[in-house]
Amino acid sequence: MEMEMEMEMELEWDEEVREGVVKRLKVWQERTNKGPTARVTELVEHLKRVGIALPSPELGELLVSQICLENNHPWMWKFTHNALSSRLLFPLQILSLLASNVIPHRHSRPHAFALFLPLLAQHAFSLNPTPSPPSIIRIVTSVDSALRFSESYNILRLELGHVFVLFFYDILLALIDCFLIDWGFKVNFSHISRLLNRADNHDYMDIDRNVTTQGFEKTEQIRKRNPFTALEVLERLTESRKATILLQSVLFNMPEKFNCLQQRLQFLESLELASSELKSVNQVLTKVSANIRGVSRFDYCLSKHQLVGMLVDVGSCKTLLRCNYRFSQSPCWVPFDIYMENAMDSRQIPTKSAIDVLTEAIKTLQILNQASWQETFLALWLSALRLVQRERDPPEGPIPHLLARLSVLLCIVPLAIANVLRDETEHNLSSFQVSMESEYRNEMKSDNSMKLGLISSVQVLGHFSGLLCPPALVIDAANQAARKAACFIYNSMNGKGESGTGIHANTNTKSGGNLRHLIVEACMTRNLMDTSAYFWPGYVSTSVLSISDSSPLEKSPWSIFMEGTPLNNTLVNSLTATPASSLSEIEKLYYIALNGSDVERPAAAKILCGASLSHGWYIQEHVIHHVVKLLASPLPPSHSGSRSHLVDNMPMLSAVLRGASSVDNVHILSLHGVVPTVAAALLPLCEAFGSIKPTSNSTGDESSTSTYMAFSLAFLFLIRLWKFCRPPHDLCITELGVAVGGLEYILSLHNNRVMFCQDKVKSNPNLSESAAVKPVYIDSFPNLRALYCQYKSCVASALSGISTGNSIHQTANMILSMIYHKITKSGISSSNSSSPSSSNACSSLINSGEDAFQRPMLPAWEILEALPFVLESILTACAHGRISSRELTTGLRDLVDFLPASLAAIIDYFSSEVTRGVWKLVPMNGTDWPSPAALLQSIDSEIKAILTHVGVEVPHCSSVGSPVMLPLPMAALVSLSITFKLDKSLEYMHAITGAALENCASGCPWPSMPVIGSLWAQKVRRWHNFIVVSGSRSVFRHNNESVAQLLRSCFTSFVGTLCVSTSKLTAESSVNGLLGSTITAPGPYPFVAPGFLFLRSCRNIHNVQYVNDIIVGLVTEYSNELAGRRTGSVSGHIKSNEASLSLAAQNAKEVATLGASLLCAAGGLLLVQELYKETIPTWLLSSRDVKQNNDSVASHILEGYAMAYLLILSGSIIWGVGTKLPPGTFTRRNRTIEVHLDFLAEVMEKKISLSCNPITWKTYVCCFVGLMVSLAPAWVQEVKVDTLRKLARGLSRWNEHELALSLLHKGGTAAMGALAELANVIESEHMLPCS
């Protein structure tokens, strides 16, 4: 209110006021009967009478102009000094104006420079008095006009604090340049202070004109003394902690500018001051240098003796275990395990490379856990090894198995590590500016520390023999790797130069190989380590060395191939079953696939998609690259004519599609992140193959079969990638302008990668291969686009029917003729006119479809376009008894046999109809439809046992003996599915059928999944365990209580019981308790761990937002329980000392880590955004009844800390903690974090009232800000300065000055002004905190 009144009363400074002040100054200067102090008082009274607000920028400019003109009278300097002390003037403005006028002319006017330096020393750090807002604007404009900061530092919007920081930095540069130049040193800095650049070239010549001969000696003494005084002032300015804060702000936000100061330091430290006069300043120079050097080493380290500092520090697991390989087994690394296991779920096809995800995860967890690189890499290897060992005895089924897990261990992880090392080389890790203790910070910045950490981590793996035992699939490969090392050592000892590559050891030779040997080979292939690893103690056993030169050797089929042997059947089979060992072998194969003979090309494609793709782990990324290039076959230069070159390549492309679409290979492709690229390559294949009209009506015509098969392989592959790549709840998220999960989204991902590659080509023309990839848009494929639009409309609403005579009607009529050929033979009359009114048009197709059987020879697109109407017709006919269920199934199967791609239309239509719920239920009694009765009770009891084992109460099902019913479309779909043969060549069909059945079952009542499982278990008994485990997942889709119970079991299995002696979890048991040491535990039922079951179920939970509330509640509950162990039953205070709270906080951090990992696995970005914007604010706004009378200080502290860590870690997992992010992700992180911090700031400003305990609130805010500043500083720079300023003020009111300053320090260039202002407020109101 006072500020508003002051602004209203303030009058403009006009010429009349100015003249009045000038007259008074002249009179007072002539009449020295009163001192400057009295005159200042008179001037203040005069300005108040005329309504001028103080401090006045115009008065400052007037006084400086009086001083700097010919009227350089000592009285005016004294008057200015008293005016500054009396707060009549604003010091920053006066010093800036004086500096711009005095420093350039210090030689000609040494008295002015001598008088200026004491003023600078006394008032350089002062931001008082506080001017009014209009005066601030004029002061900033005045200073910027004098020193041109906006031009020099390229800051468009200057604030008072900005000007303050930049003035201080510039004046330091100017002082150093002054005394160096004045002492006669020739300096050659890249940037000379602008204050000195303004000096007139004739300044030295002005000396004689401006100084009388009589006073020359005195003036010369002052001139010589001035450099020494400037150095003394420099020492005084730099020894202040406030100076360190301001300079570090420049260092952090303008490192290139701070280099100018570093250059001067190097010059000062290299000086040899020979003169006796200059020798006396050596000590001062040393102090100045040390003060400024200290800026780069300074950290806002939160006091370990204060609560927040202790909690932020205890967030690092290293406080308990330092540089010990056991630390790599700590529960704080569980995000690695959870991500890897979640990535093995074949029902989701991630569009982001697991390599990129793990690259970011490595950096993030290394920072959050404040670990060494050895500890980080060792934890990563152990998680990958546990992933492989978990697959030792898996339930057999149509899912990815060991090959995908081994791909993670031997290809994905090494490539992710290679990315981290590459980023270090490119200095990209500079974005992760972390406050760490010196040994960790030094290790992080060391050029070789990462690689040394990697090598030592692999060496330490030898201590984990239980995890290194190779599965049967890779025993031979492990033995060969050990044999290779033994050969290398043997040859080195005997002076031979060969290492045994290109040969295979006899598989009967026991070489003692294990998974570490495979890891070493995978790392060597990617230049992550060298052959010195072969000489590690115990790496190769003595027995292997003794037989290394005597065992029989077999020549690799790849060596035979590279020697030029033609691709005969025997060699093709051998190459298909044996992975390639080098890139040159793959490149030769790729060349044959493109340019070989008609026989060689499909054979080469088959080989490329064989063992080299599935388990050629050492070069898998190169194999995938060439497979994708084959799918996007380039137009040959010799091609001519209208016929598509893709049609000419059809046999070769069919071989690629068949090989790449196996269950394991699709999953491996998705792990490498090439799903968008593969999808983009499939579009032109589908468009071309689907547009071909078969050349013969003969059902046995080979060309028609190959045409439809090639189209079906491509089309079903495409359907599989985009339709099942994401769960339904992610569709509400938009990214890149489209809904996540659709075909448009996948194409947008591809097109963004293309644009990124094109940008790289512009900067590096050598990347010509990247330039050949073009964007792909669905509008370029009219047939595919039409069918895609039809699919979306079919999902949205029921079919409207078609009119007789329409081209689609004619096509549907031909298809129905084919389907009803067998039906008419069975005696069912199709002339019955009692068809449902909703399908009259389609019914007419049936009536006209009894002509002689003839398979339609039409392009596949025309057939697919008519299929929804055909399916509605025959499903309606079955519903009204015009055809039997068996005949419906036979007709559907005949349709799939004719055109396998029709399976996609069947799945789309039936799934939509199940969702609509308009069809009657049909009895699964064995007469009309297949019966599940033989195994239903067994399946149901085993599912119940699995759920009971993980603490989930099974919902009440229908009573025993009641008829088993399914909706008609569901019954038809499952009946069709069990007619397919279990042939590996049909995996491309089984993959989408299984996913469709599970999705359909989710729309039916609870017993649907056991019914479907029972039918399939009767067909394939060896899939029994897989079916039971899969059936147990369906209960969680709609049952929130079951989800809550499963999550509680996850926490219980992970946290377990605290050890009495150490009060610390053993990480091995916690991770294995959560995810299991094997997928299914041995016993009569296929029991699974609760974490494993959650990861296989969470992506399809309907109300996924509910997971947030449950996890937040569990983290709160466990934090309270942990606090109860540390507090007395009566006093409610910390039982022993800081160590007890530190241990409890460590356990709370582990609980929060589990919560964040499960939350991210369940809902990804959607849940994390919800957590920041809704869940945590609601948690803070709500009051909670603390159970078990644990309403202690420690419980509230741990609540706040655990929730802060949960939020930081979940955001870090999804977004990372650095600045190197895709534009969409960066924007989303920025917006989400800003929304949450805005909420905190509003509470700080008392605009929102909370219901939670004040201790919980304060701990949460301080820990969240402290963790963000220390571990994710890049986040702070994305927040509005006004929000940061409010938070910093609130923290300062809590006496968390260090934290408040650190927050603004990390706020970027925009927050420099706020930092300076807060430092000034803290200094004036309290005392600047000491480090």
Side-chain angles (χ1 to χ4, degrees), residues 13-15 17-29 36-37 39-40 43-44 46-47 52-129 131 135-149 160 163-164 166-168 170-171 174-175 178 193-196 198-200 203 210 226 233:
W13 177 282
D14 54 20
E15 189 62 28
V17 175
R18 184 181 186 282
E19 289 298 326
V21 172
V22 170
K23 289 180 181 179
R24 281 174 169 76
L25 291 176
K26 288 184 177 179
V27 171
W28 293 340
Q29 184 175 338
T37 304
R39 299 302 187 188
V40 168
L43 184 58
V44 170
H46 167 71
L47 293 176
I52 300 299
L54 300 176
S56 170
E58 291 78 11
L59 177 61
E61 291 180 347
L62 175 61
L63 286 178
V64 173
S65 67
Q66 293 294 311
I67 292 175
C68 296
L69 294 175
E70 297 301 324
N71 187 25
N72 188 15
H73 197 281
W75 185 89
M76 288 299 298
W77 283 95
K78 293 180 181 179
F79 180 85
T80 302
H81 175 76
N82 282 273
L84 287 170
S85 301
S86 303
R87 300 193 173 190
L88 177 63
L89 304 174
F90 193 70
L92 175 61
Q93 181 197 18
I94 299 302
L95 293 176
S96 299
L97 295 175
L98 286 173
S100 65
N101 285 277
V102 171
I103 293 178
H105 304 288
R106 66 190 182 282
H107 298 124
S108 58
R109 300 171 188 171
H111 292 85
F113 188 52
L115 294 170
F116 165 73
L117 290 174
L119 281 181
L120 177 65
Q122 184 172 350
H123 299 285
F125 291 119
S126 177
L127 273 176
N128 294 317
S135 295
I136 290 176
I137 296 174
R138 298 201 299 274
I139 288 171
V140 170
T141 303
S142 174
V143 174
D144 190 39
S145 298
L147 300 180
R148 302 178 186 175
F149 288 143
L160 185 62
V163 173
F164 181 63
L166 299 178
F167 166 76
F168 182 77
D170 263 26
I171 206 67
L175 291 177
C178 281
S193 171
R194 293 182 66 93
L195 294 173
L196 272 72
R198 295 182 179 192
D200 187 12
D203 190 34
N210 295 330
N226 279 345
V233 171

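Hydrogens, waters and symmetry mates are skipped; everything else that's a heavy atom, side chains included, is used. All residue numbers in this chain count up from 1 along the given sequence.
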Report the residues that fulfil ring-ring contact (aromatic ring centres under 6.0 Å, His included) with F113, sequence neighbours left out, ordered by chain and then residue number. none
Does any non-hydrogen side-chain atom of F90 lie less than 4.5 Å from one of L160? yes
Closest approach of L95 to F116 (non-hydrogen atoms, all atoms of both residues): O-CE1, 3.8 Å
Is any side-chain heavy atom of R87 less than 4.5 Å from a side-chain heavy atom of L54? no
Is the backbone of I139 close enough, under 3.5 Å, to the side chain of Q93 for a donor and an acceptor to pair up by distance? no
Side chain proximity check, H105 to N101, heavy atoms < 4.5 angstrom: no
For residues I103 and I171, determine if any side-chain heavy atom of one lies less than 4.5 Å from a side-chain heavy atom of the other. yes
Evaluate side-chain contact (heavy atoms from CB on, under 4.5 Å) for L62 paired with E58, printing each intermediate quantity in order. CA-CA 6 Å; L62 175 61; E58 291 78 11; over 6 Å; no
Contacts of F168 meeting ring-ring contact (aromatic ring centres under 6.0 Å, His included) (sequence neighbours excluded), chain-then-number -> F125
How long is the gap from CD on E19 to NZ on K23, to the nearest 0.5 Å? 6.5 Å
Do W77 and L98 come within less than 4.5 Å of each other through their side chains, counting heavy atoms only? yes
Rounded at 0.5 Å granularity, tell me how far CG in N226 sits from NE2 in H107. 9.0 Å
Rounded to the nearest 0.5 Å, what separation is found between the CG atom of L92 and the NE2 atom of H123? 12.5 Å
Of all the heavy-atom pairs spanning P55 and S135, show the shortest one and how long it is. O-OG, 4.0 Å
Atom CG in L84, atom CD in Q122: separation rounded to 0.5 Å? 8.5 Å
Any side-chain heavy-atom pair of L63 and M76 under 4.5 Å: yes
Can you name the closest pair of heavy atoms from A146 and L97 and give their distance? CB-CD2, 3.7 Å
Shortest non-hydrogen contact between F164 and S126, atoms and distance: CE1-O, 4.2 Å
Donor-acceptor contact below 3.5 Å, side chain S142 vs main chain R138: no
Is there side-chain contact between L175 and L117, with at least one heavy-atom pair below 4.5 Å? yes
Do V21 and L47 have side-chain heavy atoms sitting under 4.5 Å apart? yes
To the nearest 0.5 angstrom, please state how far the CG atom of L43 sits from the CG atom of L89. 8.5 Å
Partners passing salt bridge (Lys or Arg N to Asp or Glu O under 4.0 Å) against E61 (at least two apart in sequence or in another chain): none
When rounded to the nearest 0.5 Å, the distance separating CZ of R39 from CG of N82 is 12.5 Å
